[in-house]
Peer 1: 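Below is a structure I'd like to ask you about.
Positions are given from 1, in the same order as the sequence printed here. Start at 1 and go down the list; that is how both ligands and their atoms are numbered. In what follows, every heavy atom counts, from backbone to side chain, and hydrogens, waters and symmetry copies are set aside.
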Amino acid sequence: MTVKQDIEDLKQTIHKHDHQYYVKNYPLISDQEYDALLRRLRELETAHPEYVSPDSPTQRVGGKVDERFKAVVHPVPMLSLDNTYNVDEVRVFHQRVLRGLPDVPEGSIEYVVELKFDGLAVALTYEDGLLVRGATRGDGLQGEDITVNLRTLRSIPLKIDTTQRLEVRGEVYMPKKEFERINAERKAQGEAPFANPRNAAAGALRLLDPAITAQRKLDIFIYAVGFLDNNPFKTHYELQGQLDALRFPINQYNRLCENFESALALIEEFREKRKELDYEVDGLVIQLNSLAHRKQLGETSKFPRWAVAYKYEAEQAVTQIMDIVCQVGRTGSITPVAELQPVLISGSTVSRATLHNEDEINRKDIRIGDRVVIEKAGEIIPKVIRVIEPCRDRGQPFKMPTVCPKCQSSVYRAEGEVVWRCVNSACPAQLKERLKHFSCRKAMDIDHFGPAVIEQLVDSGRVKNFSDLYTLKMDEVASLERMADKSAQNLISAIEKSKSAGLSRFLHALGVRHIGQRTAILLARRFRTLKILQETSYDDLEKIDEIGPVIAESLKAFFDRDTNRQEIERLLELGILMEEQGDAPERGGLFEGRQFVLTGTLTRFTREEAKEKIQSLGGRVTSTISKKTDYLVAGASAGSKLEKARQLDIPVLNEEALQKLMENG
Ligand code: IVH
């Protein structure tokens, strides 16, 4: 036998045992025997590096990410599920399904019920049997390329036995045991523990070094197919059988239900059972089995109409309020927060809960020393629900502070608002929050700029505004407490790098009221430079479809303030890019004045690429078909848009035709 063949056989064998161990929980050989196989493979590969291939089990960890993960456009959007919280709401869903399938007798409607795992959705793409890409869900349309990190999950096959192009979707999670282990470790090292397994998993997936991700023992359940070339299957359940045969990790509790009532029965069955599992389950997914029925019902822009999530009640716990403190947010808002006797709730320790605002506290009459019910629902911060036992020697009702608890400036409550705010825009507490926002991932994305650093820089008076960040010198940063030279260098480079983040991130980072990430992107794409935006009148801004009076007003008020204008001027001098990069649409381009709609799965380019290309030729891409649409570009499994285009007699192009049109007009 040749060495090459030897290596191939070993790879196959190890893959099979990985599957037995990590997916089936049923190892067929001892750890020693397994290690021996792996060692043998390593030896052969070391002697014959020409035969090392990316699908080898020795190659799970490799290739660091430099700075930021690349954006990935999902060829088929990753939707989310509509939530229901009681059986009646699930019945309403079923009635809607029946109405949407008038020709189907109720008796022949099958459902598949699955656990709803509380982790992070990802998509894995296979081409020619090899895992070529792994991406986060992101906003559903666009995620991040985290292939190097996903490859480290031992239950994800690097190679599968099919050449069909396939994208599977699943939920990455951190087992509860692993979560506890990591948190114990973090505490021992004086680091802040993760709030829950989901956050811990999210953190591990976004590490720039896959070797560390590999140590975090993440796992995954595959629950759906994004796309599959020439899909021969008629039902979801069959499709999952195929995924199982391809050795993907499929959850053992997936159930095929012959009718709706038996699907409902599972809600009760899993209410308690789920708590015994080694992963967090926050509900069930109830979905139609027939793929034809799914297609008939279709999707809204957010949810499929053929599936629904049933969420179990949020977990509650009883504890005592030790103190009520007030936090100051980046807009000066003052939020009362309860400090609690620490208590365990849905697997994590909770020691603070929000009390929202003064009115809420008074309505519930919450006072220090009271025993209260707190609740934690999903990712939301725990909240205090009600008092169950007032403190024996009760103090006075809670009163909001009459001055800012951090800077002692006066506070005000605007008419019609429930929140109190600190008037002082230089309030150090506000500034710290503004800096956190400025540097966060979706804004300027400055790594290594954590709360401890911000704390010191603001308290010492060194940083009074955003621009001060950009004048920081290496020795100043290195002299901060608990800052190693290497970290200081990393921070300085991260700050430097953020200068070229571009206009949309910068606009979002400024923290102008009502300008979130979406609006910032919209403004940046439309105006291209900050200067043009600044010079645009209120009337012109207000007229724009997605802008309107509130945003226009807020922008104008922001730019009208001298301090803001001066700060922007300074940032510009320091080299912060205030333009949006990317191709501006060509005037008089080939597609000038033409409107396109894209639908279905494109294969020659990603949707974003197609869009950019069309735009660069002067065309417009919109999301809904109307009489104004000039062309529909339809990829595989195009649905309702294709039908609508046909009804309206709008020319339909496949990708080939689009490409020809781009090249030849
Ligand atoms: S099916 C069209 N099945 O829940 C979406 N999703 O709220 C079909 N999730 O983003 C999703 N367990 O991250 C499905 N067994 C399961 C799931 C599951 C967890 C998550 C998933 C999705 C979110 C939807």
Peer 1: Can you sort out which atoms of ligand 1 are near E114, meaning under 4.0 Å from one of its heavy atoms?
Peer 2: 3 (N), 15 (N), 16 (C)
Peer 1: Considering only the protein, which heavy-atom contact is closest to atom 13 (O) of ligand 1, and what is its distance?
Peer 2: E171 OE1, 2.5 Å
Peer 1: Salt bridge check: are R646 and E643 linked by an N-O gap of less than 4.0 Å?
Peer 2: no
Peer 1: Considering heavy atoms of the protein only, find what lies nearest to atom 5 (C) of ligand 1 and give residue, atom and distance to 0.1 Å.
Peer 2: L79 O, 3.6 Å
Peer 1: Passes ring-ring contact (aromatic ring centres under 6.0 Å, His included), F303 versus F93? Steps please.
Peer 2: CA-CA 12 Å; F303 314 123; F93 158 76; over 10 Å; no
Peer 1: Of K70, R133, K442, R441, which is the lone residue that meets salt bridge (Lys or Arg N to Asp or Glu O under 4.0 Å) with E144?
Peer 2: R441
Peer 1: Test of understanding: given a 4.0 Å heavy-atom threshold, classify the contact between D118 and ligand 1 as side chain, backbone, both, or neither.
Peer 2: neither
Peer 1: Decide whether H94 and E106 meet the rule of one side-chain donor and one side-chain acceptor closer than 3.5 Å.
Peer 2: yes
Peer 1: For the 3.5 Å polar cut-off, considering only N or O atoms, please tell me whether L120 and ligand 1 meet it.
Peer 2: no
Peer 1: Less than 3.5 Å apart, any donor N or O on the side chain of E280 or N196 sitting next to an acceptor on the other?
Peer 2: no
Peer 1: P304 heavy atoms, cut-off 4.0 Å: which ligand 1 atoms fall inside?
Peer 2: 2 (C)
Peer 1: Of all the non-hydrogen atoms in the protein, which one sits nearest to atom 12 (N) of ligand 1, and at what distance?
Peer 2: F117 N, 3.0 Å
Peer 1: Should the pair Y279 and F221 be assigned to parallel (<30°), tilted (30 to 60°) or perpendicular (>60°) ring geometry?
Peer 2: perpendicular
Peer 1: In the protein, what heavy atom is nearest to atom 21 (C) of ligand 1, and what distance, to one decimal place, separates them?
Peer 2: Y223 OH, 3.0 Å
Peer 1: Quick one: look up the protein heavy atom nearest atom 8 (C) of ligand 1 and list residue, atom name and how far away it is.
Peer 2: L81 CD2, 4.0 Å
Peer 1: State whether a side-chain donor-acceptor pair under 3.5 Å links Q59 with R151.
Peer 2: no
